[in-house]
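Here is how names work: the chains are called A, B, and so on, in the same order as the sequence lines, proteins then strands, and each is numbered from 1. Side chains included, hydrogens not; waters and symmetry mates left out as well; all remaining heavy atoms used.
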Amino acid sequence: MITQRSWLRASRSTYFVKTIDERDGNVEQRIPTRGPLDLAATLESGQSFRWERHQGGYTGVAAGHLFFVRSEDTELVVSSPSCTDPASWARAYFDIDTDYNELCTLLRGSDSKVAEAVDYCPGLRLLRQDAWETLVCFILSQNNNIPRIKQMVHRLCSRWGARRTEGAHCWWQFPSPESLASATEEEGKQLGLGYRALALVEAAGKVSSGMLDLDSLSEMSTDEAREILMQQRGIGRKVADCVLLFGVGKLDAFPIDVWIKRGLEHQYFAGEGQNLNVLREFAQDHFEHHRGYAQNYLFYFTRSSSRKK
DNA sequence: TGCCAGGCCTTCC
DNA sequence: GGAAGGCATGGC
């Protein structure tokens, strides 16, 4: 498998321009986005669950810090009351080192269906998130909808996350594995997490004890990493692939949820229902390169166009 | 009011 | 090995 990232990356000549945000006094940093960037699509599409609209942009918590982001023309503007170098965080988080002009061109060349999905929202980014946070969020995601997942994550953070205050701002950090490991299944259920509570507490215990080393997953093959994740309670093929794609940077992962299943069946199988294994094999062969990016665009296209109808 | 949701697990055949 | 049913509950 040829990795696409090496040649999608261009030189790291990104420059930052610092200004002062008059609204809250935080230093703003501006990053050239190198291709389209649609913040609404990216932050509300069910990759991450901790962002809210705020004064023409978004506010959210990541890596323990509170961030404000907005897009202006070809720049991403980012500030934070606590992080001293929000631009460095944003560049990684929003996949800025990938040239999305080039990526979109590559994907459009794969087939007309993918081209349609890319053209529907070329500014959709693949977020590069923390593996632990991604693991927790996607354990909660099973048989659930995005607004409710956001609620659950919010409750989880305010119950077991550390509270931080900086000036006029306060926020909850994402709970550490140690913090969640101290919780019980019953407490999770009382918080409205349902039957997912047990999987959550077990995963926290394994991560905090070192039995499950999330950092090591990036060093493994995607298949090896997936196998380890799927040994955990409450983590099946789909959740594992989401963790690998959004949290570990395995760009060949291709999570198949109900929307992707529907989309693939509609686009490639004349609407005829297919077994999940058939769809996995199809995706493996058909989307040989940049599979994870293709999945992201197809998910957004299928879900959004369906909701419009 | 009833179906659905970024599914997984167990049981049954 | 694959299909069916159960699981909690808010959104639509």
Side-chain angles (χ1 to χ4, degrees), chain A residues 40-52 117 121 124-131 133-156 159 184-203 206 226-248 250-251 253-267 272-281 283 287 291-309:
Chain A
T42 302
L43 296 177
E44 295 186 36
S45 63
Q47 298 181 60
S48 175
F49 304 95
R50 293 206 72 190
W51 292 93
E52 300 293 339
C121 185
L124 178 70
R125 297 268 167 152
L126 185 73
L127 293 177
R128 306 306 196 92
Q129 304 176 69
D130 173 72
E133 182 170 335
T134 312
L135 178 74
V136 171
C137 291
F138 281 94
I139 284 176
L140 294 179
S141 77
Q142 63 176 274
N143 200 20
N144 212 342
N145 55 63
I146 292 172
R148 185 163 173 246
I149 298 166
K150 286 179 73 170
Q151 285 186 16
M152 284 181 171
V153 171
H154 176 73
R155 289 200 296 267
L156 192 78
R159 173 69 177 80
T184 64
E185 178 189 3
E186 193 53 38
E187 287 174 324
K189 285 186 172 176
Q190 285 172 0
L191 207 64
L193 308 182
Y195 57 87
R196 307 163 188 87
L198 177 58
L200 207 60
V201 172
E202 276 196 12
K206 289 188 177 179
R226 180 188 299 118
E227 195 173 329
I228 287 176
L229 287 172
M230 288 180 64
Q231 287 171 1
Q232 317 307 317
R233 183 195 299 271
I235 301 182
R237 171 73 184 235
K238 191 269 171 182
V239 169
D241 280 338
C242 283
V243 174
L244 293 173
L245 181 59
F246 302 130
V248 183
K250 296 294 187 186
L251 300 176
F254 192 94
I256 299 180
D257 72 330
V258 292
W259 292 106
I260 286 290
K261 181 175 188 296
R262 219 170 272 163
L264 291 179
E265 288 167 348
H266 175 72
Q267 300 278 29
E272 199 172 314
Q274 301 293 320
N275 181 284
L276 278 176
N277 287 327
V278 171
L279 296 177
R280 284 179 194 125
E281 284 181 21
F287 306 109
R291 194 177 301 136
Y293 286 112
Q295 192 276 354
N296 207 31
Y297 283 111
L298 286 168
F299 171 81
Y300 186 80
F301 173 67
T302 306
R303 182 168 178 269
S304 302
S305 52
S306 166
R307 289 158 68 90
K308 270 189 179 176
K309 289 172 193 169

Legend entry - Charged N-O contact under 4.0 Å between A/Glu133 and A/Arg50: no
Inset, instruction - Grab the OH-P distance between A/Tyr297 and B/dG6 for me, whole Å please. - result: 20 Å
Legend entry - Interatomic distance, A/Phe299 CZ vs B/dA5 C1' [rounded to whole Å]: 10 Å
Inset, instruction - Report yes if a side-chain nitrogen or oxygen of A/Arg155 is closer than 4.0 Å to either non-bridging phosphate oxygen (OP1 or OP2) of C/dG10; otherwise report no. - result: no
Legend entry - Donor-acceptor pair under 3.5 Å, A/Tyr195 side chain vs B/dG7 base: yes
Legend entry - Pairing partner (Watson-Crick or G-U wobble, both distances under 3.5 angstrom) of B/dT1: none
Inset, instruction - For A/Asn143 and for A/Gln151, find the nucleotide of DNA chain C with the closest heavy atom, then tell me which residue's nucleotide is more 5'. - result: A/Asn143
Inset, instruction - Classify the nucleic acid contact of A/Gly236 as base, sugar-phosphate or nothing, counting any heavy atom under 4.0 Å across all strands shown. - result: sugar-phosphate
Legend entry - Atom-pair distance (CD1 on A/Ile235; C1' on B/dG6), nearest Å: 14 Å
Inset, instruction - Using Watson-Crick or G-U wobble geometry with both distances below 3.5 Å, tell me the partner of C/dA3, or none. - result: B/dT11
Legend entry - Nucleotide of C/dC12, B/dC8, C/dC7 approaching A/Pro147 most closely (side-chain heavy atoms): C/dC12
Legend entry - Length of the NZ-P vector between A/Lys189 and C/dC7, whole Å: 11 Å
Inset, instruction - Output yes when at least one side-chain N/O atom of A/Arg237 is less than 4.0 Å from OP1 or OP2 of B/dG7, else no. - result: no
Inset, instruction - Looking only at side-chain atoms of A/Ile146, point me to the closest of C/dA8, B/dG6, C/dG10. - result: B/dG6
Inset, instruction - Measure the distance from CZ on A/Phe246 to P on B/dG6 and round it to the nearest whole Å. - result: 12 Å
Legend entry - From B/dG6, C/dC7, C/dG2, nucleotide with atom closest to A/Asn277 side chain: C/dG2
Inset, instruction - Indicate yes or no for a side-chain donor-acceptor contact from A/Gln47 to the backbone of A/Arg125 under 3.5 Å, with no hydrogens or angles considered. - result: yes
Inset, instruction - Just compare B/dC8, B/dA5, C/dA8 and give me whichever is closest to any side-chain atom of A/Trp259. - result: B/dA5
Legend entry - Heavy-atom donor-acceptor pair, A/Tyr297 side chain to A/Leu124 backbone, under 3.5 Å: yes
Inset, instruction - Let me know the distance between CG of A/Leu140 and C1' of B/dG7, rounded to the nearest Å. - result: 12 Å
Legend entry - Per A/Asp257 side chain, nearest of listed nucleotides C/dG10, B/dG6, B/dC8: B/dG6
Inset, instruction - For B/dT11 and C/dA8, measure between their P atoms and round to the nearest Å. - result: 15 Å
Inset, instruction - Please confirm whether the backbone N or O of A/Ile256 pairs with a side-chain atom of A/Gln295, one donor and one acceptor, at under 3.5 Å? - result: no
Legend entry - A/Asn144 vs A/Gln232, nearer the 5' end of DNA chain B by closest nucleotide: A/Asn144
Legend entry - P spacing across the pair C/dG5 / B/dG6, given as an integer number of angstrom: 23 Å
Inset, instruction - Grab the CD-P distance between A/Gln190 and C/dA8 for me, whole Å please. - result: 14 Å
Inset, instruction - Output the single nucleotide from B/dC8, B/dG6, C/dA8 whose closest atom is nearest the side chain of A/Phe138. - result: B/dG6
Inset, instruction - For residues A/Phe299 and A/Phe254, establish whether the separation of their ring centroids is below 6.0 Å. - result: no
Legend entry - Nearest-Å distance for atom pair CZ/C1', residues A/Arg233 and B/dG7: 15 Å
Legend entry - Residue A/Asn275, side-chain heavy atoms: nucleotide from C/dT9, B/dA5, C/dA3 that is nearest: C/dA3
Legend entry - Side-chain heavy-atom pair A/Arg303, A/Ile146 within 4.5 angstrom cut-off: yes
